[in-house]
Amino acid sequence: MHKVDIRCQQTAEGVELAILGDVTSWVVADIMSAIKFYSGQKITLMLMSQGGDALASLGLHDFMAQHNVDVEIYGIAASGAAIISQAGRKGRIAENGMVMIHEAYRVDENYNTIKDDTTKMLDDRQVEVFAKRTGKKRDK
């Protein structure tokens with residue numbers, strides 16, 4: 001059994017989905033299923049997450065880019081959640097909300113930070129995501 005860090009609510013205006021914790025493959029699978037289920041309705045994904053699994057975040061980003069989903073950020077959309085936020089058709093950040101991005105990393109069994117070919121690939125991919133969304137060049 002996995003921890004539930006998502007919410008779903010249907011309103012008169014459409015469907016509100018929320019990621020309220022870590023981005024995991026379980027959370028991403030549930031959000032993707034909900035987006036498919038509610039296809040054709042106005043869908044808003046609310047984010048209040050410190051991020052999580054970078055590959056799952058990139059997967060949800062690519063999935064959302066094929067669907068009509070708006071994004072609202074409350075509190076923080078950090079790391080993987082920041083990547084997800086860039087796929088929204090429209091985006092909104094609450095007055096006290098923020099987006100935080102950083103270079104990818106992983107840790108070994110002794111909690112030492114490791115940079116390798118995989119983290120370099122993830123860095124390159126997320127730079128592409130933000131460059132495409134902002135219209136800025138990669139070096140910015």
Side-chain angles (χ1 to χ4, degrees):
M1 182 182 229
H2 64 277
K3 180 179 168 192
V4 177
D5 285 329
I6 65 171
R7 300 289 183 270
C8 179
Q9 175 178 320
Q10 193 159 21
T11 69
E13 291 82 38
V15 175
E16 295 175 346
L17 304 173
I19 298 176
L20 304 171
D22 293 342
V23 176
T24 67
S25 58
W26 291 106
V27 167
V28 166
D30 289 347
I31 293 292
M32 290 168 80
S33 293
I35 290 169
K36 279 181 138 179
F37 183 81
Y38 292 108
S39 181
Q41 297 185 49
K42 181 181 185 283
I43 299 173
T44 302
L45 175 63
M46 295 179 286
L47 293 170
M48 188 166 55
S49 170
Q50 294 182 27
D53 185 321
L55 293 173
S57 298
L58 286 165
L60 182 54
H61 172 276
D62 293 345
F63 181 83
M64 284 175 49
Q66 299 174 355
H67 295 81
N68 197 16
V69 179
D70 294 339
V71 173
E72 295 181 358
I73 297 169
Y74 296 92
I76 191 164
S79 193
I83 293 168
I84 293 166
S85 74
Q86 300 307 293
R89 179 181 60 98
K90 291 192 302 188
R92 185 179 87 73
I93 301 175
E95 180 179 354
N96 293 302
M98 65 180 76
V99 175
M100 188 275 292
I101 59 175
H102 62 84
E103 291 183 336
Y105 67 92
R106 63 185 184 87
V107 294
D108 66 15
E109 62 279 352
N110 296 317
Y111 299 101
N112 298 310
T113 301
I114 297 171
K115 296 289 288 179
D116 58 15
D117 289 342
T118 301
T119 59
K120 172 78 170 103
M121 179 272 303
L122 291 170
D123 287 341
D124 289 344
R125 183 63 193 119
Q126 79 171 334
V127 167
E128 277 300 316
V129 166
F130 288 102
K132 182 178 178 182
R133 181 62 183 222
T134 63
K136 296 190 181 289
K137 295 186 182 203
R138 288 179 53 88
D139 63 343
K140 292 290 181 187

Exercise. So which heavy atom on Ala104 is nearest to which on Gln126, and how close?
Worked result: N-NE2, 4.1 Å
Exercise. Should Met32 and Tyr38 be regarded as members of a common hydrophobic cluster, given that ILVMFWY residues are connected when their side-chain heavy atoms come within less than 4.5 Å of each other, either directly or indirectly?
Worked result: yes
For this session: Inspect the surroundings of CG in Asn112 and state if more than 12 heavy atoms from other residues, nucleotides or ligands are less than 6.0 Å away.
Result: yes
Exercise. Roughly how far, to the nearest 0.5 Å, is the CZ atom of Arg92 from the CD atom of Glu95?
Worked result: 10.0 Å
Exercise. What pair of heavy atoms forms the shortest contact from Val23 to Ser49, and how long is it?
Worked result: CG2-OG, 3.7 Å
Exercise. Where do Arg89 and Arg133 come nearest, in terms of heavy atoms and distance?
Worked result: O-NH2, 4.0 Å
Exercise. Does Leu17 reach the side chain of Ile35, with side-chain heavy atoms less than 4.5 Å apart?
Worked result: yes
For this session: Could you give me the CA-CA distance, side-chain angles and deciding distance for Val71 and Met64, then say whether side chain to side chain contact (heavy atoms under 4.5 Å, CB included) is met?
Result: CA-CA 10 Å; Val71 173; Met64 284 175 49; 3.7 Å; yes
Problem set entry | Minimal non-hydrogen separation, Arg138 against Asp124, with atom names | NH1-O, 3.4 Å
Seminar exercise, completed: Applied to residues 36-49, the salt bridge (Lys or Arg N to Asp or Glu O under 4.0 Å) test, sequence neighbours excluded, yields Lys42-Asp70
Problem set entry | Considering all heavy atoms, the nearest Ala77-Ala82 contact | O-CB, 3.5 Å
Exercise. Is the shortest heavy-atom distance from the side chain of Arg7 to the side chain of Gln9 under 4.5 Å?
Worked result: no
Side-chain polar contacts of residues 55-63 - donor-acceptor pairs under 3.5 angstrom, sequence neighbours left out - could you list them?
from, atom 1, to, atom 2, distance (Å)
Ser57, OG, Asp53, O, 2.8
Ser57, OG, Gly80, O, 3.4

For this session: Treat each ILVMFWY residue as a node, draw an edge where side-chain heavy atoms are under 4.5 Å apart, and state whether Met98 and Ile73 are in one component.
Result: no
Seminar exercise, completed: CD (Glu72) and CE (Met48) are apart, to the nearest 0.5 Å, by 12.5 Å
Seminar exercise, completed: So CD1 of Ile19 and CD1 of Ile31: to nearest 0.5 Å the spacing works out to 4.5 Å
Seminar exercise, completed: OG of Ser85 to CG of Leu47, rounded to nearest 0.5 Å, is 6.5 Å
Problem set entry | Worked verdict on Met46 versus Leu20 for side chain to side chain contact (heavy atoms under 4.5 Å, CB included) | CA-CA 8 Å; Met46 295 179 286; Leu20 304 171; 5.9 Å; no
Exercise. What's the spacing between Met100 CE and Ile76 CD1 if we round to 0.5 Å?
Worked result: 5.5 Å
Exercise. Can you check whether Asn110's main-chain N or O pairs, donor with acceptor, with Asp108's side chain at less than 3.5 Å?
Worked result: yes
For this session: Taking the side chain as every heavy atom from C-beta outward, state whether Lys115 and Asp123 have any pair of such atoms under 4.5 Å apart.
Result: yes
For this session: Quick one: do Ile114 and Thr119 satisfy side chain to side chain contact (heavy atoms under 4.5 Å, CB included)? Show the steps, please.
Result: CA-CA 8 Å; Ile114 297 171; Thr119 59; over 6 Å; no
Problem set entry | Considering all heavy atoms, the nearest Thr113-Tyr105 contact | CG2-CB, 3.7 Å
Exercise. With sequence neighbours left out, what residues match Ala54 under side-chain contact (heavy atoms from CB on, under 4.5 Å)?
Worked result: Leu122
For this session: Give a yes or no on this: more than 12 heavy atoms of other residues, nucleotides or ligands lie within 6.0 Å of atom CD of Gln50.
Result: no
